[in-house]
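Have a look at the structure below, then the notes.
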Amino acid sequence: MKKCMIIGCGGVASVAIHKCCQNSEVFEGIMIASRTKSKCDALKEKLQPTTKTVIETAQVNADNVDELIALIESYKPDVVLNLALPYQDLTIMDACLATKTHYVDTANYEPLDTAKFEYKWQWAYREKFEKAGITALLGSGFDPGVTGVFSAYAMKHEFDEINYIDILDCNGGDHGYPFATNFNPEINIREVSAKGSYIEDGKWVETEPMEIKRVYNFKGVGEKDMYLLHHEELESLALNIKGIKRIRFFMTFGQSYLTHLKCLENVGMTSIEPIMYEGKEIVPLQFLKAVLPDPASLGPRTVGKTNIGCIFTGKKDGKDKTYYLYNICDHQECYKEVGSQAISYTTGVPAMIGAMMIMNGTWNKAGVYNIEEFDPDPFMEALNKWGLPWEEDFNPTLVD
Ligand code: NDP
């Protein structure tokens, strides 16, 4: 029996679990293991009557390697799909190594006390995974994830060399709240309040947070303000895509979101430095998370679409060429299908596909790899099949 252990039972995991259950030919068994077991049980109760996939649940503290090892040894999954938080990446990788089990995640490791996400900690496991004969597939969400697959696909089929990549992440959804985040608020706010950066001629160029703004007219959404952010896939794509001179990442934000964020920052609510409050140490950002709407509750109220993709500029047969690959996803359609909004959907579907690529042996090489290091074609096909169809534009408007 082919089995996958999914760690975490939040917004993204819920979508991935729905998708595994739709795909029971590959996912014959899944175990949902998370901190709060009642969430895993509730999902099992909802989904088990609808699927042939045999669902089991367990409580686990993914910060504890021994607990993880014991659980993996008892369930014996073919792959562990890590959909907890980036802080757990290394403990879960350690447990996978100890039990010789394949590993897949959607976000790179980030230490709790510094909001600095980079691949060095996980790339340090390369040799160990190779020796153990197992695969770690890093970043199998949308961005990172599909953006890497799009880049590998563009490189394989459309270009001899790619010189510029602009990744554009547009959320045209409206949830009706003055301020809420679409995924884990702590991770989201750490990401957007950090300095921006991009890679040019092999070097990182740093900007102030939200310093670089552009306006872009997105198909399916319309005109939106977008801002340059640091994003983790820049680091791996700059190494893995031939001929790169510059790679940037832009995300759209509405004025209300930015005004609230600025205010929260100005009063110290986004800080990750612990403070003493009534004799107890608290982290302001974690407290803020507790008072903000739960991202999982946004599903029913979010309307509109997302449009996420990559604009490539490079050369084919000696001629200049531009190419835009993107996906448009509708919040309400996602909600109807799996009970979640599009941000969780666009991450959970590629997470399931990544785990499937490893489980059925389509992607099969030992070591630690970013997603663009595998053949993109089967993944591109699976995106069309499992709910994230992509579109192409051979004459896109470029970002200056
Ligand atoms: P949520 O906060 O909704 O879910 C996280 C889940 O992990 C919760 O169920 C939580 O348990 C569980 N968890 C947290 N800590 C532990 C622990 N120590 N042991 C066991 N379980 C734990 O987050 P999201 O679903 O929004 O995000 C999941 C991941 O996806 C994150 O790493 C995020 O960065 C990534 N992501 C990637 C994207 C991409 O495109 N690549 C886009 C969006 C997100 P509990 O229920 O008890 O809180």
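One-based numbering, in listed order, for ligands and for the atoms of each.
For ligand 1, the 4.0 Å heavy-atom shell contains residues G8, C9, G10, G11, V12, S34, R35, T36, K39, V60, N61, A62, D63, L83, A84, L85, P86, Q88, T106, A107, G141, F142, D143, P144, F183, N184, I187, T347.
Note on E373 versus K365: no salt bridge recorded, every NZ/NE/NH1/NH2 to OD/OE distance being 4.0 Å or above. We find that E208 and K195 are joined by a salt bridge, their nearest charged nitrogen and carboxylate oxygen being less than 4.0 Å apart. With respect to the salt-bridge test (charged N to carboxylate O, under 4.0 angstrom), the residues D78 and K3 do not qualify.
Relative to the ring axis of Y177, R301 places its NZ or CZ within 45° and under 6.0 Å from the centre.
Side-chain atoms of T53 come within 3.5 Å of backbone atoms of F27 as a donor-acceptor pair (strictly under, hydrogens ignored).
Pairs passing the side-chain hydrogen bond (donor to acceptor under 3.5 Å, both in side chains) check and including a residue from residues 29-48, sequence neighbours excluded, read H18-K46, K37-D41, D41-T57.
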